[in-house]
Amino acid sequence: MNMQKPVITKLSQEVINQIAAGEVVERPSSVVKELVDNSIDAQASKIHIKIKNGGIDSIEISDNGIGIPKENIASVFDSHTTSKIKDIEDLNTLLSMGFRGEALSTITSVSRVHLASKYEGDDIANEIYFDEKGKSSVKKTAKEQGTTVRVENIFYNIPARKKYLKTAQTEYRKIYELLTNYFLIYPNIHFILEKDGKVIEDLPEILNNVAGEISLERVKGILGDSSNFLKLNYNGSGLQISGYIAHPSSHSTRQSRSYIFVNNRPISDRGIVRAVYEGYSRYLPFGQKVDFVVSLNINPELVDVNVHPRKEEVRFENPFRIYSAVEEAVRHTLEKELSFKNTSTDFSSLRNGFKKESTGIKEYKPINIYTSNKSTSVKDTLLFSKELLKDSPPLEQEEFPWDEDRDVSNIFQIFNKYIVVEFRDDNLWIVDQHAAAERVTFEKLLKGKTSMDIQNYLVPIEIELRKDETIFLDEHTEFFKDLGILYEIKDGTILLMSSPVEFSHADFKKVFEEIFALEENISQLEKNFKKLRDDVLATISCHNSIRSGQALDKKTMLDLFDKLSKCDNPYSCPHGRPAVWKLTLSQIDSNFERTY
Ligand code: ADP
Ligand code: MG
C-alpha cells in the first residue's frame, strides 16, 4: 500500500463549529456504518463483521487495511481527531467516508470499545480499551496487519436510549440492510458477515472490479436471482452512471428494493427514483415497482455531500441534468436490451417459435397438448395418446400451419380476450390480444406510413369536430399523413380519405377527441405536440381492429403473435400495461404443489 503515513491533528474550534455534526450513534447499525467506513478509508480489501444479539451485545469489525501507527492509537478516541481533513475546504472534495473525526469518540462515550491495530510500517500490533473508567494505556499485542474494533454493550450508560432500541432481530435487520449497500458498491472488497457465531454472508471480492463498479454477481446475491437484470451504462461529461435495473416483466406492486449511490456513497433521492421510473414509463404499468441499483459518479465539486448529518442525502448543483441523464440511461438500456432482435432476452425462445429452419436435433412431436409433457413416461404417453385417438379425430394439422420445427406446440384463445401459447420448452404465454395489437400497431405508426397498408375510402368519412380542433387538424395534416391518415377540411368538416387497414373500423371522431384530451386545451397540445408524439401514437393505436371480446381465428392469432414477436418491445402495450404473461411449467407445477 502506498498511502501516506497518517498524521492525527486536532481540529480548530472554528472547524468544529463549521462541521455541525448530527447524532452519530443512533443504534447498532450506526456503529457498524462508522466502523465499516473507517475500514474502507483504510483501504481494506477484506472486512469481517461479527454481530451479537443484533449488535446490542457486541459488534466486531476486522479489516486488513493500512492500520493505525502506534503513536496515533491513543488519540483515535479523542473527539475531533482525524487523519483525513484539516479544514473545511477539504470537505467539498473529500471522497473518503469519515471526516468528522468524532465517530470513535462518540462510540466510546456510549459503549465499551476495544481496538487493536497493526500499522503496515510497524513491527508489532497495539491495543487499547475504552470503558467507564476511561482510556486504558496502549499495550503490545499479537495481530496481523489491519484493525479490529469491538464495540460492546451499546448504551450501557444511557438506559433511556437503550430502551429505545428495537428487538435484536430488528436491529440486526437494520444492520443487514445497511451492509447490503456496501456489498453492492464495493465488489472489490471481500465481506464476511457473522450473526451470533454463524456466517450469513461470505462474499469474496470480484476480481478486477473496482469500487463503484456494480457487479451482476453481487446484485444477484443481494436482490435475488429471479429477475433478469439489465446493465445500465451512461457516460456523459462529468457524469457516469452504471448499475443494473430489473427486467420490466419482474414488476410488482410491492415496495421495490432500490439502491442509489453517488460517488460510492449510498443515498436516498426521490428525484433519481422518479427519473428511473420515467425511463421505464412505456415498459411498466402505472404504479408498478421494480428493483434497481444505480451508481452515479460525478465530479465532487458538482455535488454537496454535507447536507445531511449522516450523509444520506446529497444536493446536486444541477439536479435536472442528473435526473434527465438517469432517465435517458434507463430508457436506453430498456430499448436496447428488450428489442426482440436481441436474442439474449427472455424472448429468444419465442422468436425461435417463428423460425423456419431449426438447428439441433429434429424431434417429431405431435401437436397435442397431452403428449409434450416431459414428466409423463413413454408408457403413459402412449396409453394416453391411444385413449385420445379412440374417439377424437386426427389433430387439426391443416388448421395449424406450423411445421414440427417450430417451438410452439399450441395456440388458442380464451374468453375472447387472451391468446394462450404453449411452447415445447415448458413455457406458456398468455397474451392480451388487444394490448398486443396495440403494441404492434404502435410500432408500425412509429415507423410511419411506409410500413403500413393504407386503404382509401370509396366515400370520404365526414367528421365534425369543434372549430379550434378542426383548425388544429388543418395545421397538422402532414403529421397525420405520415401515419397514413389522410384528410381534407371542407367548410369546417373533416373528410377522411384514407387510413391504415388496421383502423378500418375505427371511429376517427373518437380517435381525434382522445388526442385532444391528452392536454388540458388546444394551445397546450399545440405547445407540447412534438413531445407528445408517442402518446398520440399510443392513443391512435388503441383504436386498431383487434379488440378485447372479439373471437379470433387461428390465422389471425398466429399473425398477431408473429408480429408481436418482431416488435422492439413486445412486453407491454404502448400505455405500459403488460401484453404478455409468461408462465413456466415448473411455476404451474409448484402451484399444484407438484414436485415431479
Ligand atoms: P474519521 O473517520 O472521521 O477520521 P473516526 O473517529 O472514525 O474519525 O476515526 C479517527 C481516526 O482513527 C481516523 O481518522 C483514522 O486515522 C483512524 N482509524 C479509525 N479506524 C481505522 C481503521 N479501521 N483503520 C485505520 N485507521 C483507522
Ligand atoms: Mg470514521
Side-chain angles (χ1 to χ4, degrees), residues 1-12 15-16 18-26 29-50 59-88 90-91 93-111 113-122 125-130 135 138 141 143-151 178 182 186 189-192 264-266 305-306 309-312:
M1 252 174 262
N2 53 359
M3 273 182 94
Q4 255 187 344
K5 181 162 176 166
V7 180
I8 290 207
T9 50
K10 186 138 176 88
L11 295 175
S12 71
V15 178
I16 292 168
Q18 278 171 323
I19 307 165
E23 287 280 20
V24 179
V25 181
E26 194 190 14
S29 65
S30 8
V31 172
V32 174
K33 178 180 192 301
E34 295 297 337
L35 299 185
V36 172
D37 280 350
N38 282 348
S39 296
I40 290 167
D41 282 346
Q43 305 210 334
S45 64
K46 185 174 178 183
I47 302 176
H48 194 144
I49 303 134
K50 295 180 185 170
I59 295 164
E60 184 185 302
I61 301 206
S62 306
D63 66 52
N64 64 352
I66 182 173
I68 304 172
K70 181 182 187 311
E71 62 267 32
N72 288 357
I73 286 225
S75 54
V76 292
F77 294 148
D78 299 345
S79 77
H80 301 294
T81 50
T82 176
S83 58
K84 296 164 194 170
I85 55 160
K86 289 194 183 62
D87 59 50
I88 193 75
D90 291 348
L91 280 182
T93 49
L94 197 80
L95 289 173
S96 99
M97 289 294 166
F99 49 67
R100 294 158 307 206
E102 62 173 341
L104 287 178
S105 74
T106 311
I107 292 168
T108 52
S109 68
V110 298
S111 56
V113 182
H114 172 258
L115 182 147
S117 189
K118 183 177 175 295
Y119 179 61
E120 62 170 1
D122 289 346
N126 297 283
E127 64 177 344
I128 185 167
Y129 294 96
F130 200 106
K135 201 156 64 176
V138 178
T141 183
K143 194 193 173 322
E144 68 279 27
Q145 191 196 312
T147 305
T148 298
V149 181
R150 194 171 61 240
V151 174
L178 166 87
Y182 291 97
Y186 292 103
I189 296 177
H190 181 177
F191 287 100
I192 302 170
N264 302 353
R265 223 185 275 273
V305 296
N306 292 306
R310 283 188 299 276
K311 292 170 276 177
E312 288 160 7

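Order of appearance sets the numbers: ligands from 1, and atoms from 1 within every ligand.
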Query raised in the report: What residue among Asp37, Ile47, Val32 forms side chain to side chain contact (heavy atoms under 4.5 Å, CB included) with Tyr182?
Result: Asp37
Query raised in the report: In chain order, what residues pass the side-chain hydrogen bond (donor to acceptor under 3.5 Å, both in side chains) check against Thr108, with sequence neighbours excluded?
Result: none
Report task. If the plane angle is over 60° it's perpendicular, under 30° parallel, otherwise tilted; pick one for His114 and Tyr129. Result -> tilted
Query raised in the report: Below 3.5 angstrom, do we get any N/O pair linking Glu34 and ligand 1?
Result: no
Query raised in the report: Can you tell which of Val36, Asn64, Asp63 gets a heavy atom nearest to atom 23 (N) of ligand 1?
Result: Asp63
Query raised in the report: Val76 heavy atoms, cut-off 4.0 Å: which ligand 1 atoms fall inside?
Result: 12 (O), 17 (C)
Query raised in the report: For the residue pair Ala125 and Lys143, what are the closest heavy atoms and their distance?
Result: CB-CB, 3.5 Å
Report summary line: Between Phe77 and Ser105 the two heavy atoms that sit nearest each other are O-CB, 2.9 Å
Requested in this report: For His190, check ring pair (Phe, Tyr, Trp, His ring centres under 6.0 Å) against everything at least two apart and list the hits.
Outcome: none
**Report entry** Mode of Ala42 contact toward ligand 1 - side chain, backbone, both, neither (heavy atoms, under 4.0 Å)
**Finding:** side chain
Query raised in the report: Under 3.5 Å between some N or O of ligand 1 and some N or O of Thr147?
Result: yes
Report summary line: Note: ligand 1 atoms sitting under 4.0 Å from heavy atoms of Gly67 are 25 (C)
Report summary line: Note: Leu104, heavy atoms under 4.0 Å from ligand 1, region reported as both
Requested in this report: Compute the shortest N/O to N/O distance between Ala103 and ligand 1 and return yes if it is under 3.5 Å, no if not.
Outcome: yes
Requested in this report: Run the contact test for Gly65 against ligand 1 with a 4.0 Å cut-off on heavy atoms, strictly below, and give the result.
Outcome: no
Query - Sidechain-backbone polar pair: Asp63 side chain, Ala42 backbone, donor-acceptor under 3.5 Å - result: no
